Amino acid sequence: MDEQGEVKVKNPWHRPAFIFLAAFIILGIVIMVAISVVQNKPLPQKYKYGIVLDAGSSHTSVFIYEWPAEKENNTGMVQQKHTCNVKGKGISSYDADPDGAGKSLQDCMVEAKQIIPAHRHTETPVYLGATAGMRLLKMKDEAASEKVLTSVEHSLKTYPFSYQGARILSGQEEGAFGWITVNYLSENLNKPTGTLGALDLGGASTQITFIPQQDIESNDNSIDFRLYGNDYHLYTHSFLCYGKDQALKISMSKKLVSSHAAYKTDPIELRDPCFHPGYNTTKTVQSVFNTPCIKAVNFSSGYISHVGLGNWSQCQQSIRKVFNTSRCAYSKCSFNEVFQPSVDGQFGAFSAFFFVMNFLNLTSDSLATTKQKLATYCSTPWGKIVKNHPGTKEKYLSEYCFSGTYILTLLEDGYNFTSENWKDIHFIKKIRDSDAGWTLGYMLNLTNMIPAEAPDTPLMPYGGYVTFMILFTLFILVLLLLAYLYFRQSSRKAQKGII
Ligand SMILES: O=P(O)(O)OP(=O)(O)OP(=O)(O)OC[C@H]1O[C@@H](n2cnc3c(O)ncnc32)[C@H](O)[C@@H]1O
Ligand SMILES: [Ca+2]
């Protein structure tokens with residue numbers, strides 16, 4: 001009887017319903033995967049561009065930046081696309097031929113026209129910022145500095161870009177924008193991590209900028225920013241005449257003024273411990289004294305016989321005389337009566353800090369080892385130095401002993417770095433393929449690309465959102481399937497009960 005009772009009465013709809021549901025689930029998964037793959041496929045990026053001309057004391061560089069058009073307010077988005085070094089000297093050297101300053105920019109601006117897509121030209125801003133060379137020319141001859149600026153302005157206006165001005169930056173701006181650049185590129189600005197101090201050594205001035213632990217006692221040295229919702233209270237100072245070219249002139253002039261030979265012989269003999277033994281070159285007195293950084297002096301001759309001695313410790317003694325550390329009206333000073341809090345945190349040291357220390361292979365040694373190696377380098381005969389570096393410009397080559405010793409003295413005796421925090425100085429040229437320097441920070445500021453407040457971000461990133469939606473939908477489908485199976489089973493049991 002029981003066996004008879006087990007005769008199954010099949011619901012004819014069960015099988016097609018199951019097949020339909022399974023097909024529906026598979027189709028759903030295929031559609032979702034296809035949509036997420038298509039959605040996440042990188043779209044062709046639309047880029048915007050900006051041009052900044054760094055009119056430095058020694059030379060002019062043209063920087064072209066690019067960034068994805070729709071992400072311009074995110075940190076770290078702007079990148080350096082191209083640089084072009086203008087042939088010849090800096091624009092301040094065209095004081096006697098102002099038209100030449102504008103003309104000198106032509107080749108690099110033509111290059112910019114070729115690199116930036118034509119449909120972006122009219123909306124691409126162009127800024128020219130001049131630094132210490134033009135500050136010095138303005139001190140020496142204001143009319144000449146204005147003529148040079150007018151000449152570069154006329155030249156830049158002839159290109160299809162959006163000309164935004166040519167001006168001389170203040171030392172504070174130069175320091176602060178260098179700090180913004182290195183911290184923007186290191187993506188420090190919207191994170192709770194510490195920031196990087198900025199050390200810039202040019203030909204005519206040098207800047208130090210960092211967030212100090214103590215109060216800033218002089219208003220001239222304080223600058224405030226609100227970036228991505230954080231307040232930054234920066235210490236900054238720019239020393240005009242303390243770039244490496246001007247410092248060399250000051251140092252040579254001091255040696256000349258204190259030497260008996262300078263007032264008796266023709267040519268004047270300058271025996272210089274900061275140049276290699278065997279180095280002997282004739283220079284004009286004018287080439288040393290042609291700067292507002294030094295007072296004019298009358299000598300017996302218009303020529304100097306510059307003779308190298310290669311003595312590092314004597315060289316450092318002579319360079320120390322360039323820094324006046326005898327008076328300070330604040331709780332602490334760097335030199336020349338300038339307030340400076342104790343250096344704090346990590347520092348990026350760029351431009352000539354990098355060029356010189358990188359050439360000398362001194363970017364990762366302790367302070368003591370750096371001094372030892374430099375002393376050995378300075379005492380190396382000039383002939384051997386020239387033989388070992390056939391491709392290097394002779395002017396740079398002859399000055400590395402002075403420049404290295406100047407950098408060491410500026411950092412240790414000037415800014416008060418010690419052997420303990422020497423390792424916190426990182427000699428860098430680029431961060432993530434963009435040059436460290438004031439130009440990027442200047443453009444970010446003038447184009448309002450760094451918002452004061454942090455931009456609102458969605459609850460989860462796009463990829464996370466897609467993954468979440470797929471998993472959640474799968475979960476619902478599995479639930480539906482389980483529910484279906486459960487009801488099918490219970491309806492079978494019920495049917496069994498009826499029979
Ligand atoms: O900031 P300012 O003072 O206006 O000057 P600048 O912008 O022209 O100064 P740079 O940083 O370009 O260069 C600093 C100095 O380093 C020199 N320099 C550039 N490249 C160098 C290299 O490879 N080796 C040694 N010195 C170099 C250059 O001549 C300057 O004297
Ligand atoms: Ca510079």
Side-chain angles (χ1 to χ4, degrees), residues 52-63 83-94 101 104 128-139 145 148 152 166-179 181-182 198-209 236-252 274 287 291-293 348-363 377 385 389 391-407 410 427-430 435-442:
V52 186
L53 287 94
D54 173 356
S57 63
S58 65
H59 81 297
T60 302
S61 288
V62 179
F63 292 89
T83 53
C84 177
N85 289 322
V86 168
K87 278 192 215 105
K89 291 186 175 182
I91 58 168
S92 55
S93 68
Y94 290 91
S104 73
L128 181 142
T131 50
M134 285 296 284
R135 272 176 229 141
L136 290 176
L137 179 59
K138 193 174 173 186
M139 280 165 64
S145 79
V148 168
V152 294
R167 54 181 286 267
I168 303 176
L169 267 68
S170 70
Q172 283 98 324
E173 287 177 299
E174 197 179 355
F177 292 132
W179 182 91
T181 300
V182 293
L199 298 166
D200 181 355
L201 177 61
S205 77
T206 185
Q207 288 72 238
I208 176 166
T209 311
T236 187
H237 190 81
S238 173
F239 288 93
L240 188 60
C241 298
Y242 285 79
K244 81 176 179 68
D245 301 334
Q246 293 299 322
L248 175 60
K249 287 175 194 244
I250 300 175
S251 168
M252 283 173 68
C274 300
S287 71
T291 158
C293 296
F350 45 89
S351 40
F353 281 121
F354 175 83
F355 304 145
V356 173
M357 298 306 262
N358 181 57
F359 173 87
L360 295 168
N361 241 328
L362 296 176
T363 54
Y377 177 77
I385 296 280
H389 303 279
T392 311
K393 267 196 207 172
E394 196 164 305
K395 181 178 147 54
Y396 287 163
L397 203 54
S398 66
E399 292 177 5
Y400 281 122
C401 165
F402 168 83
S403 305
T405 314
Y406 177 66
I407 287 173
L410 172 66
F427 295 96
I428 49 170
K429 177 170 168 55
K430 289 178 184 250
D435 279 78
W438 59 265
T439 50
L440 176 56
Y442 188 62

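All ligand and atom numbering here is 1-based and tracks the order in the structure. Predicted model, so just to flag it, every value in this text is computed and none were measured. Sequential numbering from 1 along the given sequence is applied to the chain's residues.
T83 places none of its side-chain heavy atoms less than 4.5 Å from the side chain of S61.
S238 and Q172 share no side-chain donor-acceptor pair at under 3.5 Å. For the residue pair Q207 and T209, no side-chain donor N or O sits within less than 3.5 Å of a side-chain acceptor on the partner.
C274 has its SG atom at least 2.5 Å from the SG atom of C401.
Protein residues lining ligand 1, listed by chain and number: G56, S57, S58, H59, T131, A132, E174, L201, G202, G203, A204, S205, K244, D245, S351, A352, F355, Y396, Y400 [non-hydrogen atoms, distance under 4.0 Å].
Between the OH atom in Y406 and the CD1 atom in I250 there is a gap of 7.0 Å [rounded to 0.5 Å].
Under the salt bridge (Lys or Arg N to Asp or Glu O under 4.0 Å) criterion, D435 pairs with K429, K430, not counting sequence neighbours.
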